[in-house]
Amino acid sequence: MSAPSELPSLPVLDAPTCDAHAHLDMLEDPAGAIANAARAGIALIATVVDLSEDERTFTELDGWLVAARALLDGSGHEGLALPDVCIVVGAHPHNASDFTPAIAARMREAATLPRVSAFGELGLDFHYDSSPRDVQRAAFREQLAIAHELDMPVIVHLREAHDDGLAILLEQGLPPAGCVIHCFTEDAATAARFVEAGCTVSFAGPVTFKKAEAIREAAAITPLGQLLVETDCPFLAPEPYRGRKNEPAFTVLTAVAVAAAKGIPTEEVAAAALENARRLYRRG
Ligand SMILES: [Zn+2]
């Protein structure tokens, strides 16, 4: 179990930022990770609940926050605020085959809960093809329609499916509450198409990887007003922690890489990402 004292060394930012996409329920020690995030200057975490997989976040989050508070208080960080944690609900494209009317009903119901801020992650994954592509397209369309109806933003997962994904988004229209392309790993030309369509582009650990020049070029052209930073933890830990378990605190490394790509101070990226996340998720 990780504890706040085990937080690896990270750059200290002069401005707080967000982890716009995490899977706290997949971490070994969500409470320790929340405490570490507080120490790293993460003011907002959006955590994903896949309604066809595991809803324990709904019952366990309050306990994680209480335990994180105790960890901070017990380690001399009494004055440090916990991050705000909001919840994103939906059916991952891997689970599109399980996107039943009951899950759609559960999405609508969950949208009324105060901590639920967006629908996701929904979209298309033609790399793994865990569900048939036509089934993925149908589940994507249906979840987009519910987002339109309930005025919720969407967090979109696209893998090897950016042309199809953008076509569906343009055909149905972007939900006015917002549309985030999460864990963006494509090039600048692809980023430009999503930016032009009005999407927010969210960068994760891969923007820090040594051979990821194309992703850094995508970060360079993404306007600050349409940019987020995230971990997608426990996956895709940024350099220099690539290969180990990721956690929300590591978002600061992604913010540093995005800022370097843009040639601006890290604090500008950190602050813009937090402001964008708070607006999209309607927090604070
Ligand atoms: Zn994810």
Side-chain angles (χ1 to χ4, degrees), residues 1-2 17-38 40 42-65 67-68 82-96 98-99 103 106-107 110 113 115-125 127-128 130-131 139 143 153-159 180-185 202-208 228-238 241-254 273 277 280-281 283:
M1 300 274 275
S2 64
T17 193
C18 66
D19 180 355
H21 185 115
H23 297 266
L24 291 179
D25 62 347
M26 293 186 190
L27 302 182
E28 267 169 44
D29 178 13
I34 292 167
N36 283 345
I42 308 301
L44 172 63
I45 300 171
T47 190
V48 178
V49 172
D50 192 305
L51 297 171
S52 61
E53 280 185 0
D54 184 353
E55 290 200 25
R56 71 191 185 98
T57 300
F58 285 118
T59 49
E60 296 187 10
L61 177 56
D62 285 345
W64 298 337
L65 291 167
L82 284 178
D84 181 21
V85 181
C86 65
I87 297 176
V88 179
V89 297
H92 194 286
H94 292 335
N95 300 324
D98 300 324
F99 185 67
I103 299 289
R106 184 74 193 104
M107 262 177 90
L113 299 172
R115 272 199 198 273
V116 171
S117 293
F119 289 147
E121 53 193 286
L122 45 100
L124 304 171
D125 192 315
H127 178 76
Y128 287 109
S130 302
S131 290
Q143 291 180 86
V154 291
I155 314 302
V156 177
H157 168 112
L158 294 176
R159 187 149 181 209
V180 176
I181 309 301
H182 108 90
C183 194
F184 193 82
T185 52
S202 186
F203 293 92
V207 75
T208 70
L228 287 174
V229 287
E230 61 165 82
T231 55
D232 203 14
C233 63
F235 313 107
L236 297 168
Y241 299 113
R242 190 174 179 183
R244 63 173 277 173
K245 286 261 172 65
N246 202 358
E247 59 176 294
F250 289 177
T251 321
V252 300
L253 295 162
T254 294
L280 278 160
Y281 298 135
R283 306 297 292 188

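No hydrogens, no waters, no symmetry mates; every other heavy atom, side chains included, goes into these values. It should be emphasised that the depicted structure is a prediction, and the values quoted were computed from it without experimental measurement. Count residues from 1 along the sequence.
- Counting only distance, with no hydrogens or angles, the side chain of Gln143 and the backbone of Ala91 share a donor-acceptor pair below 3.5 Å.
- Taking OH of Tyr128 as the start and NE2 of His92 as the end, the distance is 10.0 Å to the nearest 0.5 Å.
- For Ala43, the side-chain contact (heavy atoms from CB on, under 4.5 Å) test picks out Pro16, Leu274, Arg278, with sequence neighbours left out.
- The shortest non-hydrogen separation linking Cys18 to Ala273 is SG-O, 3.6 Å.
- For Ser52, the side-chain contact (heavy atoms from CB on, under 4.5 Å) test picks out Asp50, Asn95, Asp98, Ile103, with sequence neighbours left out.
- Put simply, the side chain of Asn36 does not reach to within 4.5 Å of the side chain of Pro248, judged on heavy atoms.
- Residues Ala31 and Ala68 share a closest heavy-atom pair of O-CB, 3.4 Å.
- Listed here is the closest heavy atom pair of Val156 and Gly123: CG1-CA, 4.4 Å.
- For Ser131, the side chain to side chain donor-acceptor pair (under 3.5 Å) test picks out Ser97, with sequence neighbours left out.
- In this structure, CG in Leu228 is found 12.0 Å from NE2 in His182, a value given to the nearest 0.5 Å.
- Taking Phe58 as the reference, Val49, Leu51, Glu55, Ile87, Val89, Arg106, Ala110, Leu113, Val116 meet the side-chain contact (heavy atoms from CB on, under 4.5 Å) condition, with sequence neighbours excluded.
- Salt-bridge check for Arg115 with Asp62: passed, with a basic side-chain N closer than 4.0 Å to an acidic carboxylate O.
- When each of Ile45, Asn246, Thr47 is tested with Cys233 by the rule side-chain contact (heavy atoms from CB on, under 4.5 Å), just one qualifies, namely Asn246.
- Take Glu53 and apply the salt bridge (Lys or Arg N to Asp or Glu O under 4.0 Å) test, not counting sequence neighbours, and it matches no residue.
- Ring geometry, His94 versus His157: the interplanar angle exceeds 60°, so the pair is classed perpendicular (tilted spans 30 to 60°).
- When the side chain to side chain donor-acceptor pair (under 3.5 Å) test is applied to Ser117, no partner is found at least two apart in sequence or on another chain.
- Here the closest heavy-atom approach between residue Ser202 and residue Glu230 is recorded as OG-OE1, 2.8 Å.
- Among residues at least two apart or in separate chains, salt bridge (Lys or Arg N to Asp or Glu O under 4.0 Å) pairs with a member in residues 82-92 are Asp84-Arg283.
- Here Arg56 pairs with Asp54, Glu60 under the salt bridge (Lys or Arg N to Asp or Glu O under 4.0 Å) rule; sequence neighbours left out.
- No donor-acceptor pair closer than 3.5 Å links the side chain of Glu247 to the backbone N or O of Ala37.
- Considering all non-hydrogen atoms of both residues, Pro234 and Leu27 come closest at CB-CD2, 3.7 Å.
- Between Leu24 and Ile34 there is a side-chain heavy-atom pair separated by less than 4.5 Å.
- Legend: residues meeting side chain to side chain donor-acceptor pair (under 3.5 Å) with Thr231, ordered by chain and number and at least two apart, are Asp19.
- Listed by chain and residue number, Val88, Pro153, Ile155, Tyr281 satisfy the side-chain contact (heavy atoms from CB on, under 4.5 Å) test with Ala118 (two or more places apart in sequence, or in another chain).
- The minimum heavy-atom distance between Val252 and Ala40, with the atom names listed, is CG1-O, 3.5 Å.
- Taken to the nearest 0.5 Å, the NE2 atom of His127 stands 14.5 Å off from the CG atom of Leu158.
- Judged as a side chain to side chain donor-acceptor pair (under 3.5 Å), and not counting sequence neighbours, the contacts of Asp232 are His21, His23.
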